[in-house]
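As a basis for the values below, the full set of heavy atoms in this structure was taken, side chains included, without hydrogen atoms, waters or symmetry mates.
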Amino acid sequence: MKQYIVASNWKMHKDIQEANIFVLNILKNLLNQKKTKVILCPPFTALFNIHEIIKNTPIGLGGQNMHYEAKGAFTGEISGEMLLAAGCQYVILGHSERRHVFGESDDFIRDKVRKALTVGLKPIICVGEKLEQRQAGQTLEVVRRQCDSALSVVGEHEIQRCVIAYEPVWAIGTGVVATPEQASEAHVMIRKLLAAKYGQAIADSISILYGGSVKSSNAATLIRAQDIDGFLIGGASLVEDEFVRIAEIVDEYLKQKES
Ligand code: PGA
């Protein structure tokens, strides 16, 4: 069964104390969302503390990045093994800021995806086109290339441990959200690509998240769009009421769908 997911990407925000307060303040509300999988991805320094707070709950914990080596002379890097030991089950890989601010290539991201699966982490694989690529009509081609690269190392028995996040770069942190039609077009293409590689039944069980300026004011419309199975949220995930409200919106939608 496909899981609907509301995942937060805090980026470089909140120190240990701020993170603890934030999670304690919203914990009860998040636990009320029974049908939606909530995943928190704080900065590395706050992972272990948050793990201590949520470890006996269904709330997931993820790192925002990792290196594919287990250890070594890689100043400033964190390994998959370290994320696991800090209590993570997930890791965001290929986020557009990693690709475009820090210059990570498709190959580098592919190697991290492989390593995440090997150590037992679930990768949240981010893909998405830049504005000029969309304007040049290259959206689907770019997204396909990024997916093909990352999934080239993912076997049939592993793909169900992966989450895909379509995050158009022009929508991230800009306040310009993709229309449901724009998002769906990419999500439908990703689902087709998964079906061609792994079969329709498996493709239908993979969560494909949308990310890019998701807020409580646009979540209800987006979650109803074809092939959108949840959200990866940056800015709005740092605001208690906003993040809780988005999780509630997804949960309410799922309850409606079932009744
Ligand atoms: P945003 O970020 O919600 O602030 O646009 C999304 C992301 O970077 O994952």
Side-chain angles (χ1 to χ4, degrees), residues 1-11 13-43 46-64 83 86-92 121-122 124 160-167 177 180 183 187 204-259:
M1 256 279 281
K2 185 171 67 186
Q3 228 173 12
Y4 275 69
I5 295 174
V6 170
S8 67
N9 172 11
W10 291 6
K11 311 190 182 186
H13 293 284
K14 299 193 191 295
D15 64 22
I16 295 175
Q17 204 184 357
E18 290 164 342
N20 283 356
I21 294 168
F22 182 88
V23 175
L24 288 169
N25 281 348
I26 60 172
L27 190 61
K28 198 163 154 277
N29 284 319
L30 293 183
L31 292 174
N32 281 335
Q33 314 318 315
K34 305 269 186 245
K35 299 189 180 296
T36 309
K37 177 80 184 175
V38 174
I39 304 171
L40 304 176
C41 301
L47 282 172
F48 189 68
N49 279 62
I50 294 185
H51 169 66
E52 287 298 304
I53 299 172
I54 63 173
K55 66 183 170 193
N56 296 318
T57 76
I59 298 173
L61 186 67
Q64 296 174 15
L83 291 181
C88 292
Q89 306 89 41
Y90 295 86
V91 60
I92 299 173
L121 287 167
K122 298 176 187 176
I124 301 173
Q160 278 163 310
R161 284 166 44 213
C162 297
V163 175
I164 314 284
Y166 169 62
E167 299 204 298
V177 66
H187 285 233
D204 287 340
S205 72
I206 311 297
S207 311
I208 307 176
L209 313 184
Y210 168 77
S213 296
V214 175
K215 295 188 173 54
S216 62
S217 56
N218 53 37
T221 317
L222 283 164
I223 200 64
R224 286 170 172 73
Q226 190 183 355
D227 280 312
I228 296 186
D229 312 319
F231 303 118
L232 179 56
I233 309 160
S237 78
L238 297 168
V239 183
E240 290 174 12
D241 291 350
E242 269 291 289
F243 187 58
V244 166
R245 187 64 204 128
I246 295 168
E248 284 171 353
I249 285 169
V250 174
D251 221 60
E252 282 160 14
Y253 164 71
L254 293 173
K255 277 185 209 139
Q256 264 175 27
K257 218 165 84 142
E258 274 177 25
S259 65

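Partners of Asp204 by side-chain hydrogen bond (donor to acceptor under 3.5 Å, both in side chains), not counting sequence neighbours, listed by chain and number: Gln200. Remark: Lys37 engages Gln3, Ile5, Ile39, Tyr90 in a side-chain contact (heavy atoms from CB on, under 4.5 Å) (not counting sequence neighbours). Partners of Arg224 by side-chain hydrogen bond (donor to acceptor under 3.5 Å, both in side chains), not counting sequence neighbours, listed by chain and number: Gln256. Residues forming a side-chain contact (heavy atoms from CB on, under 4.5 Å) with Cys88 (at least two apart in sequence, or on another chain): Leu47, Leu61, Leu83, Leu121. Looking at residues two or more places apart in sequence or on another chain, you find a side-chain contact (heavy atoms from CB on, under 4.5 Å) between Asn218 and Val177, Val214, Lys215, Leu222. Under the rule for a side-chain contact (heavy atoms from CB on, under 4.5 Å), the partners of Lys255 that lie at least two apart in sequence or sit in another chain are Lys35, Asp251. For Tyr4, the side-chain hydrogen bond (donor to acceptor under 3.5 Å, both in side chains) partners are Lys257, not counting sequence neighbours. Partners of Ser217 under the side-chain hydrogen bond (donor to acceptor under 3.5 Å, both in side chains) rule, at least two apart in sequence or in another chain, do not exist in this structure.
For residues 50-62, the set of pairs meeting the side chain to side chain donor-acceptor pair (under 3.5 Å) definition, not counting sequence neighbours, comprises Glu52-Lys55. The side chain to side chain donor-acceptor pair (under 3.5 Å) analysis of residues 15-24, with sequence neighbours excluded, yields no pairs. A salt bridge (Lys or Arg N to Asp or Glu O under 4.0 Å) check over residues 227-236, counting only residues at least two apart or in different chains, returns the pairs Lys2-Asp229, Arg191-Asp227, Arg191-Asp229. Pairs of residues two or more places apart, or lying in two chains, that qualify as salt bridge (Lys or Arg N to Asp or Glu O under 4.0 Å) and include a residue from residues 235-245 are Arg245-Glu248, Arg245-Glu252.
Rounded to the nearest 0.5 Å, atoms OG (Ser8) and CD1 (Ile233) are 7.5 Å apart. Taken from CG in Asn49 to CD1 in Ile54, the straight-line distance is 11.5 Å, to the nearest 0.5 Å. Leu30 contributes atom CG, which lies 6.0 Å from atom CZ of Phe243 (distance to the nearest 0.5 angstrom).
In terms of modelled atom types and a separation under 3.5 Å, the side chain of Lys28 and the main chain of Asn25 share no donor-acceptor contact. In this structure a side-chain-to-backbone donor-acceptor pair under 3.5 Å is present from Gln64 to Cys41.
Considering every non-hydrogen atom in both Pro58 and Leu31, the closest pair reads CD-CD2, 3.7 Å. Between Ile50 and Ala19, the closest heavy-atom pair is CD1-CB, 4.0 Å. Closest approach of Gly230 and Ile223 over heavy atoms only: N-CD1, 3.6 Å. Between Ser237 and Trp10, the shortest heavy-atom contact is OG-CD1, 3.5 Å. Between Ala183 and Ile228 the shortest heavy-atom distance is CB-CD1, 3.7 Å.
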Please test Val244 against Asn32 for side-chain contact (heavy atoms from CB on, under 4.5 Å), starting from the C-alpha separation and ending with a verdict. CA-CA 10 Å; Val244 166; Asn32 281 335; over 6 Å; no
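Ring pair His187/Tyr210 is tilted by interplanar angle, where 30° to 60° counts as tilted.
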